[in-house]
Each structure stands twice: as structure tokens, then as C-alpha cells.
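Below is one structure, written out as C-alpha cells; the observations come after it.
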Amino acid sequence: MRRLRATLRAVAESILAAAIGLVVAGFILKAWGYSPISAYIALFEASFRDLYGIAGALANATPLILTALTFAVAARAGLFNIGAEGQMYFGALAAVAASLFRLPPGLHLLVALAFAGAAGVLWSLVPSVLRATRGVSEVISTIMFNWIGRYLAFWLVANVLVDPYRAEKTITVLPGSRFPTLVPGTDLSYAIFLAVAVALLVYFLLWHTVTGYEMRAAGANPDAARYGGVRSAGVIVLVFLLGGITAGLAGATQSLGRPPTYAVYSGLPQISNLGFDGIGVAMIGRNHPLGIIFAAVFYGGLQSGARVMQLFAGIPLEMVRVVQGVIVLALALPELLRIFRILRRRRVELGGER
Amino acid sequence: MTLGYFWSILFLSLHAMVPITLTAAGEVVGERAGLFNIGLEGILLLSAFTGALGAEAGGWPLGLLVGIGTGAVVGLFFGLVNAYWKGNQLITGVGINLFALGFVAFGLQALGTPGFHDVPRDVRLPAIQTPVGGLSPIVLLALVVPFAIHWFLNRTRAGLWVRAVGENPEAADVAGVPVELVRLLATTFGAALAGLAGAYMAISWMGSVTKEMAAGRGFIALATVVFSGLRPILTLAGGFIFGFFDSLATWIANIPGVKEAVPWQFVSTIPYIATLLVVTGVIGRVRFPKALGVPYRRE
Amino acid sequence: RVALILDVGGRGDLSFNDMGFKGTEEAMAEFGWEMTVIQSATAADYLPNIRNAARTRAFDLILCVGFLLADALNQVAPEFPDQKFAIIDAVVDQPNVLSIVFEEQEGSALVGALAGMLAAHYGYPYVGVVLGIEIPVLYHFEGGYRFGIDWGLKKYAQVTGEEPNVGLLWVYTGTFSDIAKGKAAAEAQLEQGAVAVYNVAGPLGIGILEAVTEKLEELGREAGPPFMIGVDANQDWMGDGNKVIASMMKRVDVGCYTAIKMVHEGTFAGGVLRMGLANRGVGISRFLDLLEFIDFGVAAGAIGAERRPEIAANWAAVRASLPTWIWKAVDELEKKILSGEIVVPKPATREEMLQVRELYPLVRE
Amino acid sequence: MPEPLLKAEGIVKVYPDGTVALRGVDFDIRPGEIQGLLGENGAGKTTLTKIISGLLPPTLGRILLGGEPVRLRSPKEALARGIGMVHQHFALVDDFTVLENIALGTGRPADRALRASVAELMERTGLRVPLDAPVENLAVGERQRVEILKVLSRAVRILILDEPTSVLTPVETDELFGFLRRLKGEGVGIVFITHKLREVLEITDRVTVLRRGEVVGEVLTRETSAEELARMMVGAELRPRGRRPVELLTDIPRERREAVRTGVEPVLVVEDLRVPAEGGGEAVKGISFELYPGEILGIAGVEGNGQTELVEAICGLRGGRGSARLRGREILGLPPLELYRLGLAHIPEDRWKYGLILSFTVAENSILGRQRSPRFLGPLTVLRWGEVFAHARELIARFSIQAPGLEAPAKSLSGGNQQKLIVGRELSKEPDVVIAAQPTRGLDIGAAEYIRDLLLGLRDEGKAILLVSADLDEVLELSDRVAFMYEGTFTAVTTPAELDRERAGLYMGGMRG
Ligand SMILES: Nc1ncnc2c1ncn2[C@@H]1O[C@H](COP(=O)(O)OP(=O)(O)OP(=O)(O)O)[C@@H](O)[C@H]1O
Ligand SMILES: Nc1ncnc2c1ncn2[C@@H]1O[C@H](COP(=O)(O)OP(=O)(O)OP(=O)(O)O)[C@@H](O)[C@H]1O
Ligand SMILES: [Mg+2]
Ligand SMILES: [Mg+2]
């Protein structure tokens, strides 16, 4: 009951924040001479009205759910892992690499996913070990590893996995290891189920297993966790392991499950920033796997809405980004409702003084 | 390599150091006061843009002022949201970054050439001519600022207040320190320095604005803050190490023969690996202010 | 109506996105049409963007700028067989798609030849090139440039009887956006004695020009050497007209204009349109180009209209300061390419690129 | 009667979560008077004083200073009007030096002038602390002194002390009292909060008693008695005590327990235990003792003399050298979970640091440290929530813990109930050896009594208990043997019967017995 109420409040707050963001952004649009009404009609028509739109939002949400989980799991355990970006690169590439050999369809997909998870883990290994053994802040090591990973991924794309006939991209993933498209005529694939399933698994892990209990304990109060027999090094390694897997899978959903490419391009244009966006999604979803699913769909909807606002309302993408920024800023005030309540109480207080 | 190369790399490194060191040193002040601003990337970009506009309107002094002012305004906003309204610092930062990315790209488009704006040479900050090349005066400033901040934090009353509200806002409050105000001012100051860094990029270092000119420097600055262990003077070292290896990597990549042996992508990773090695080998565990990132509420 | 779909670079890349915009805008003005610009935030937007535009059935032509959009277009085109599409820089083999590709290697050979002869003429040890992310389009540039330099050096030896000792400095920066990297790379090349730095990284040219300008300041000169060599657009007007010796123009604008015109005139048909030296799709910048693009700069507010004569004069003075035989030699190479007497290598894969590098190593003794 | 310095009228305080802490309190502070403020845990003492010192706004009601209504929006404003408060939980910045902390309080830079004036103040008050030591290296008593110095280094006319003596030794308490009397002589109005009736009777002039947010009595100290005050506090007669006042220690049935001990093996043998201190050096310098089943071994001493380190080393939270054997098995360096399996339970001194995860629910906290016991651990480490809830419910029933619910966060429990939850959880581990560090700190009489009774009961069941407490009375009352700890060593090990408060004070002060 108590939990339900807390959840409802969190949801209400997020919705209110989004609404406030939209209103403020509406004024900005207006100020620049665009019509906010038609912009928002375009936005919602595009992303949430019909199946086509919803599919677009979900397709965008797929990788974001996974990279957000990377951040959220760590945050729950008191770590600030922003390495999803780099780990995701290798996940995407490893999934492609699985197409260097042939396997029966289906199995091939599983193997590619395993590759991706393993690659993500591999790339999170050094920061995790540095943190566990030398206390090196994961903030710095993961930022550095993101950049290092970026260049190594460039190299892998251009030299190792390169498509011999089209050097701007890697070899194309074999059909047998792709996620089939879920809604024909859209870019939504079955990968969304993977993302949601992983989120549910993470939820189960965090709140229904002793391992999760220990992770959360380490995050909420490291001293008490130690007192309760939780080994912090173990938790760190586990967090990075999990984070690496989810980030790796996030990459895989892009190279295996996003038509039409099924390959990674030079310069990584289709996967860049998914890791960073995931941080925003995790924050909006309050680092809770279920909240993350909704936050990712919302964020994904904004992204696909952005395309359509250009098309129908003539609003340039840059302006759409401004709008997104404002909405996210409104979301930063997690206790909007509380603020309203404080205003109310102020009045009581003043009344009482008389 | 000849002496000329040496000077060249040194100057390259110094110039590359400036935005990182200034931004990081400012962020040290903010973080010491307990606010963690990941919107620095956005501030760099915004103030580069406004700084350029300012310079064109009234010369480089105005440009620098406008850049600093832009940073300060964003910092003020960040401080209001987080010090007073107890907002979520991470989300605010993400929002600022998104906003800046859109706003600057849009603004550049509105100016004429989308994505790129050239700052005329006559309104740029003049470089100090040395026998071995031009040196931006901001480089000298960046060499001084961390020391000034060090002095401020450790030797002044206001510095004491800043550290106190970051370590134990409750204790500071009880002692009569206006916690919210100190946090607000500290983060505003930090953002203003980032604003200076942005203006420097636009009207001194690059002489132009592009929509992606921050190019991750805000995040590198955040890493540098961690690197420094929140000691302002070490942000100089952090910024320089990064700037040096970044420049060195570009140099190495240009030496005939090297690129046949080592792919350029590997060379490009040098600054990051070097920074990481220094952190691992020298800095190790970092102690953050206890109340970093935690909103302060009285009840 | 025309939908112009841009890749993640978006407007302001000073390269094909901006040029595509320019060409489309011109066509719109001429035919009285309307255009809708759709920019892509990430590469994941390509497919939905094209599809969304096609679904409206409101556009006479959907114009995709950039090879990155090829896969997505290849997917969408068959879904909308009645919709006309065009794509720049890639070949999409569908009946309703016009593919416009450029022979960048041809233009690059011309500026390469110029750069090689410049170095030999001024006694500089190197010529330079700064490239962006390693993609095959850039291989065309690099390959053509190498070939041209080699040709230019041989020409120089032939004309003057001296054997020049000139090498090539080249670097992939891995970015099309961090102009600081462009500046640093150019500085490194200039310091080692590059006579000209060829910009093959779009916006990084800003950094390169900055480095050239600073080098000149250090040398106490107004005009080059050293120079920058511009790319895609005519960039000769930048830096007062005396710091960019020439530009390798890749007229994406002409390509876009042509495609729209074909629709307008009812001559549109799927297939491949190759734009090379022959149909002025690529080329080395001339005086008329300069004037056109000065206007472009003026319109964009980058320079004042009153500076037009000054820039033109500076430009002419720089060009005149070189022996005429050099310019003649460039023309000669152009003619030979046009006539088919010379075929410039066009590496499209990594293997081929490596072969070209082996063929023209351009290492100083 | 002199005009009050400050009058609080009709103060009501509702916390944002709806807790009503004060229900219309009238209160005044007079110059040259020490005013006792008494009440159970949660009665609202701290809340009231926080309102007076500007830290919290009242929901209703007003404050008059010298007859004028004022609005104190922050401690800064209160300080400017001469109202200073020493807080129950230290309001010190740990990694600042003493001088820096004082500078913070005075709003002056930490310079030579400040140093001189603080030195002068220390001279005048007799409260001495090393000015350049970081506060985190100080003993708790020293920190308390810093707090007081901090407030006094501003000119205050009203001084509020919230439970200042709970961490002081008798000697230190006496010093503080002497000093308070002097301040009183200077006309300062003092509010003194404590749970110790003896202190109230000793130092105050007037006593106000709060119960559940209301004033239930205001009496002159010389006209009241401990019994009357206690009755006012809890609203009824105290139930008969399970043990006797210190003065009557002689007839503790010691023979019975000595009989138990003869011929019995000690369960815990500590030999030459050395524990490094955080700032370098040793915090525990070679301590040896034996702990027998059926006894309480008390460790008395001023806090900061190595007790914390001693306990943490034995309990696996800190490295140490030497040896500690639990039923013959070496336990130094073993992880906490292993110790619990071997039958050791630890009631930590800092319940917010080690004892509880405040943001976790009551249910979650009820298994901390036991999360891997077979009862809660299913296959694939699945947590058996049903069992966890059952367990938490058992604890709540057995230890009469007042909690809003099993899923309420631990931070919503009152201090006493938080402590009961910890004690209950530790005892549910069915240990043979209980290490109890400051088990009743900050608890009101009722809650403290309950915990003490529990410990005595455990002893009578034959468990071995190591009791570390800064409350000398408590140690003397409960222990069968007492060790005095000073600067990392035991100065004396004896039985309470052979002690009086004076001797004990001397041992705590470093004299060897
Ligand atoms: N920040 C808070 N939010 C909600 N309730 C609170 C808060 N602080 C205190 N309370 C509640 O207000 C009531 C009064 O608490 P207060 O701290 O004033 O008691 P106290 O008399 O000082 O007790 P103690 O002897 O334990 O120090 C209690 O019920 C307490 O739980
Ligand atoms: N910080 C807080 N936030 C919310 N509720 C609180 C808080 N502190 C206490 N409460 C609630 O207020 C109620 C009264 O707490 P209070 O401290 O008065 O208890 P108490 O009866 O004095 O217990 P104890 O004697 O053990 O301290 C409790 O039910 C507790 O759950
Ligand atoms: Mg209480
Ligand atoms: Mg209290």
C-alpha cells in the first residue's frame, strides 16, 4: 500500500514535470515564431497515436532501456558507472563479429548476444578491477574507457570487421542472427522483448534475491553493508559485470535488431550517445528498472516525435533538442508536487501568525 | 625532434589545457560546495556561442564578459534548481547539455551559416607574440586561477564556508552559514569559469564557433576534477597532461612512418590511457565531500 | 515539394549537407517549390525519416544527402514504388532512385598536383592533408591526392630539371566535429614544413585555416605559403582570400539541383548520375567560383559585402605570384583526365587504398 | 523574578511527513538561570530548541525576544541575536580542524587573531582542545567541547545544550557544570537537556517536562525529586527496576556467577591485540582479556580511547594484530558473516553507520547480516520474502518495536525503536557472545531500561557479553567485571563491588590500578 502510493506519486510527479516542460518549451517555440500547438500535435500523433508511431518510440526505447540499466544497477550499488557508452560499442561490434562464422539461425542469434554481453563485460573489466583493487574512481576510468573504446571501435570497424566491398561499414550481420522485425514497415524488432525481459530480470535480481539485497545495501550504506557481511569488491565486480552485459546487449540490439543496416558504420553514427542518453533515462526512471522502461519509452517517443515535428510542423531538429532539454530540466525537480504542497503550507503558517 | 618542435608541442598543450583546467578548477569549487554539475559541456558550448556574439558586438573584452556571464547565468539557474529547490543535479546537468546542443545549433543557423560561425580576427583576443609563436593571455590566466582558487578555498572565510557546506551542510547551517546561498554562489562561480573557458575557445583559441566545439571537453574536465582529488592546483596538472598527450598524439600521428606501424586510432587513445595511468599510479582513491550531490534540507 | 533528408552531420558541416541545402534552395527559388528539411539526430533516424516523408505522399522528390542514408533508402524505396528518390554519394539500385556520385579522386588529383608543385617551387619538404573519419569516400580523396602529388612532382622535375624531395604528411583525425583536432593536426604538419594542408574533414577546415593563419602571423606574412586547400565548397574566400590557394570543389549543390530539375522537367529516371570533372561535378576552384561563393559568404553574414573586391584582389594576387606554368600544368592534368588519357586511381576498399599508398608512398628520402 | 530573555508561545510543529512534534508549547528562558528540559525520547525537546535557535520554523506560534516578537529564519539570525545552541548530534565538519570549525561558527577567518581569542576562551572556560587537530581525530568528549567553544566564541545571551553530557566522563561533566555555573553568574540564560535525572537535580534551577509535544509540568528544581520528574516524564510511576542503584552494588549475587565461571572455559580469549589508528600509531596497544559464559565484562572509559577500534577489530570490521580466539578458533581477520556463523553478535555503537540502512525497510534491516542464512536464502540466491516478513514480525512482537509497518523505512523509526530493532536482530542470531557497544546511548529511560534488562537476561541464560559503554553508571550497574580503558590499554580490571565513582573516574583518567 505504502509502496503503491509512493509509486503513484513518483509517476504523477514525472507526468507533471513533463507537462511543465512542454508548457515552458511551448513558450520558447512561440517566441521563435513556431506554433506550439501544431508542434505538439505532430509530436504526439507521431509517437503515440498509431501502431507505427508507438513502434518507433519502442524501437528507440530498446537500447536506452539497456544502457539505462547499466547506470541504474551501479547507482543502486553506490557506483557511478558511466561506461555504458564504450561497453555498448563493443557489444555492437561483437554481435557483428559473430557473423564471421555460420551457425543455424536462432542459435546464431543467441551466440551473437552472448558475444555482445561478453564484450561489454570485457570492456568494463579494467575499470571494475581498478575500482575494486586500487580504489580508482569509476567516474574517471569509465570516461577514459569510453574514449579509448571509441577509437578502438573505429579501428575495428575500419580494419578488422570491415566489409571488403564497402569500407565505410563492417560486414553485415547474417540474417540468421538478426532480431526479426516485430511490426512490419517499422524498425521495431523483437529486441524490445529482450530489453524488457532484462529490465524485469534486473528488477527481480535487485529486489528478490540476496545478491540484489547486498548490492542495494552496499549502495545505501556501505559501512552497514560491510557490517552485514557484504564484500564491497564483490559487489563492484558484479555491478560492472551486469552493467557490461546490459550495455553489451544494448549494442547488440542496434547491430542485430535495427533495420536496415545490420552493421556498424565508420564513426559509429547509429550507436553514439546511446550510453549517455541511457544515463538521462535512468535518472528519469529513478534508477528503477520498471521506471526505466517507461522513461525510455517516453524518451524514445520524444526522439521519434522530433523527426515528425520537422516534417509536419517545420520545426528544425535543433529547436526540438531545445524542447527536449527543457523537459528534462523540468524532470530534474523530483519533488514538484512537494513544492506545491510547501506553498500550501506556507499559507497555513502565515494564517497562523495572525 | 628539434627545439622548435618542443615549443610547438608545449604551446599546443598549453592551449589545449586551458578549457579543461579552467572548467575543472571552477567545478572543484562547485563540488567542494556539494553540487555536481555535469552540464559543463553545455555551458562550454553556450558560452562559446554567446562569447563570440559578444565579441562581435563590442570587441573581445565584451566577448569574454558575455561568455563569463552566460556561464554565470546557467550556473545561477543550476544553483537555484539544486541548492534551493533540491532538484536532481544529474538530470539538471543532462538537461543543460541537451538544451545547449539544440540552442547553439539553432542559433548558428539563425546567424547565417548553420553549424559554424567565424569570429572576425579583429575582435579576437590578441595573442601575446613570442619568438616561438603566439600565446593566448588566457593561458597565463589559466595558470594563475587554480592557485587563486586554492588560496580562496583554504585561506579565506568564504572558502571555509564553501568547504563546510559541501562536507556537512547541517553543521554549516547551525553555525550560521547560509548554506543555499553559498552553494548557489559556488556553483555559479564554477559555471562562470566554464563560461570563460567557452569564450576562450571561441574568441581566442579557435576563433570560431561550431555546434559541436565542446567535443567532450566538459566531460574531460569532470574527469580532471576527479583526477585532481578536488584540489584546484592539480587541475593544472590534469589539464596539462591531457592537453600534452592530446597534442602529442596528433604529432605522433603526423610523423611519417609511424602511422604505417601504428594505426592512428591507437595513437588517439594515448591521452586517455596516460590520464588513466597517472590516476591509477599516483592519485588512487579520491575523497569526495561528504555531502556532494546530496540536497540539503533542514527537516 | 521536396524533402531534403540530411545525415547526422546536419547543416553546418560545410560539406555535403550545406552544399545540398544550397543547391536545393536554389532550385526551390527557381521553380517556386517548397522544401522541408529533415535532419537526423542519430543514424537510427534515417529509416524512419525517409519512411515518414514517403508516407505523407506529399513530396515530389525525396532527396537523401549522404551515403549513410543508402541502406535505409534501399529499404524504403521498394515500399513506395511511386515515390521519386535521389541520393547523393551512394548508389542505390532501385528503379525509383536516382543515385548521384562524385569522382572526388579527379578533383583531388588536381589539388594534389598543385600542392606537389607548390612544395617543390617554394622549397618546402612536405605537403599535408588532414582527414576526418576513415570512410571510403575519403579514400577517393586520399588516393586522388597521392596520385596528383606524384604527378605534380614529376612534372616539376620535368619542367625545371630538379628532382624535388617532397613527402606527404597525412592524418585521419577520427572526427568531423572537433575543430581543435583539425587545428592541432595542421599545426603539426605546418611545423614540419607542409606547404599546404588539404582539408578533407569538413568543419575541421576552420581549425586548419586557423593554424595556417597563425603560422603566417608567426612568419610575419599576410599571404601563404603555407596555404590551406579547401574542400567541397569553394573555400578560397575564407581567410581574406590569400590563405586558401585553391579548393577541391565537390558540387553536391549542382547534384541536388540537377535531380530537382529532372523532376521538374519530367525527365527523372532511376539510375546513376556520375559527376566528375566532365560535368563540373568536381573541380578545382576558379575565379567565377570564387565570386559565387563570396556571395554565399556575404549572404550567410560571414563577410561584409564591401570586402568583395579586396578578397578577390588578394586571391588573384596569390594566384599570380605563382609561375604560370604551374597553373598550366594543373590545366594539363585536367585535360588529360577529361580525355581519359590519365585515369586517377579510385580506391573504394581498404585493400585498394593500401595498394595506392604503396604505389605512391611519398616518403622523403 | 527577572524578565524572561525569550518567550515561546503556543509553539506547534508539524513535520513535513505529518508527525506532530509539538502541540502548543509555552516556554521561557530567563537570565542567570539554568533551565532543565526533560522528556522521553521523541517528546519534542530537540524540536523545541531547534525552533528557538532558528533552525526550524514553527508551524504555529511565536517567539518573543525581550518582549518583541521575532521571526528567526535561520541559525544565522538567531546567533545574531545572541541565541546559541549545542546540538545533540554534533554539528561539526569532520575533516576541518578545530580552529576551522570554530571559525565557521564565528564567521571569522581562521587566522591568528581568532586563534588568540579562542586560546583566551579556552583559558577562561577550562575547555581545552588541540586547535589544529582535525575534528575526526578527536574523541567524542573533545568534540563536545569544540561544540561548546564554537557557540561561546560568539557572544551569546542564551545558550542551549542538547544532551551535552551523554558523551562526557564524570570528570568532564563536573568541569562543564562548573563552567555553566560561571556563565549563569554572568547572566546568561541556559537551557540544559538531559536524560539523567541526577544531573538535572544537580545543575538546574528550574525544570520543564515535555511529553508527546506538550508541557506537562514546570517545577523549581529545589522543590522536586527524581521520582516526581520521572513520573511527569512517562505519565506514570516507573515500573520497578530490575537492578539496584549504584550505591547499593554490594549485594549483587556475585557468588552465583563466579560459581558458573569456575571450571568453565572462556569463550573469547583476546591476547595482545593491537589495532592501528587511522591517523597513524596504535589505537589499541596490546590488550588481553578473557570472556566467560554467563558474565558481562564491562569496558568503561572515555570515548576515543580505543574502544571503537577494539570492538571493530574483534568483530571483523577492522584489521588488527595479535590474537582473538572464539572457542579456540582464531577469528582476527575473519569476515563478519563468518563470525556470526561462529556465534558472535555485534551491537554497533553507531547505529546509523553500521547498525541500520536507514533507507531500507524495517523488514530489510531485520535480516542485515543474516541475509545468507538458509532461512532466507532460496535457490539461485532468491530472497524468501515471506520468511523475511515473518522474521521481522517476530522481532517486532518479541522486542516490542514500534514501527509504522514492515515496509516503512528504518529512518521513520524513533531512535529507541531503531536500537531495539538492531538489538533484536542481533539476538535473533542466537549468539553465544554478544559485543554490545554503547547499547543505550541516547535512549530514554524506558528504552534504555528495556535494553539493559535484555542484556542481564542474556547473561543469566549463560551468554557471554562484552559491554562497552561511556555511561559509567551503566557499566557499573550491569557488569560482573569492569575493565577501564585509557589510551589503548586497560588501566584496571576489577569488579564493581570494589569500586566507587571516584576510583572509577581515576582509572578512566589513566591511573593504573
Ligand atoms: N525531521 C523530522 N521529520 C519528521 N519527524 C521528526 C523529525 N525530527 C523529529 N521528528 C519527530 O518529532 C518528534 C520529536 O522529536 P525530537 O527530536 O524533538 O525529540 P526529543 O525530545 O529531542 O527526543 P530525544 O530524547 O530522542 O532526543 C518525534 O516524534 C520525532 O520522531
Ligand atoms: N524522521 C522521522 N520521519 C518520520 N517519522 C518519524 C521520524 N522520526 C520518528 N518518526 C515517527 O514518529 C513516531 C514517534 O517517534 P518518537 O521518537 O516520539 O518515538 P518514541 O515513542 O519516543 O520512541 P523512543 O522512545 O524509542 O525514541 C514514531 O512512530 C516514528 O515512526
Ligand atoms: Mg526519539
Ligand atoms: Mg533530542
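Atoms considered below: every heavy atom in the structure, side chains included; atoms not considered: hydrogens, waters and symmetry mates. A note on names: the letters A, B, ... follow the listed sequences, proteins ahead of strands, and every chain is numbered from 1. Small disclaimer: the values here were computed from a predicted structure and weren't measured.
Heavy-atom proximity under 4.5 angstrom to chain D picks out N221(A), D223(A), A224(A), R226(A), Y227(A), G228(A) from residues 221-228 of chain A.
Few gaps surround CZ on F389(D); more than 12 heavy atoms of other groups in view lie less than 6.0 Å from it. Heavy atoms from other residues, nucleotides or ligands lying under 6.0 Å from CG of L200(A) number more than 12. The environment of R384(D) atom CZ is dense: over 12 non-hydrogen atoms of other residues, nucleotides or ligands sit within 6.0 angstrom.
Rounded to the nearest 0.5 Å, atoms CD (E214(A)) and CG (L337(D)) are 7.0 Å apart.
Applying the ring pair (Phe, Tyr, Trp, His ring centres under 6.0 Å) definition to pairs two or more places apart or across chains, those involving residues 360-379 of chain D are Y213(A)-F360(D), F376(D)-H391(D).
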Check step by step if side-chain contact (heavy atoms from CB on, under 4.5 Å) holds for F204(A) and V382(D).
-> CA-CA 9 Å; F204(A) 186 82; V382(D) 168; 3.8 Å; yes

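Of the atoms belonging to R425(D), it is side-chain heavy atoms, and not backbone ones, that fall under 4.5 Å from chain A. The parts of I367(D) that come within reach of chain A are both its backbone and its side chain, each placing non-hydrogen atoms under 4.5 angstrom from that chain. R231(A) does not touch chain D: none of its heavy atoms, backbone or side chain, sits under 4.5 Å away. Heavy-atom distances place no part of E9(D) under 4.5 Å from chain A, backbone and side chain included.
Annotation: maximal heavy-atom pairing with chain A below 4.5 Å, among G10(D), S359(D), P348(D), occurs at P348(D).
Residues R372(D) and T211(A) have side chains in contact (heavy-atom distance under 4.5 Å, counting atoms from C-beta outward).
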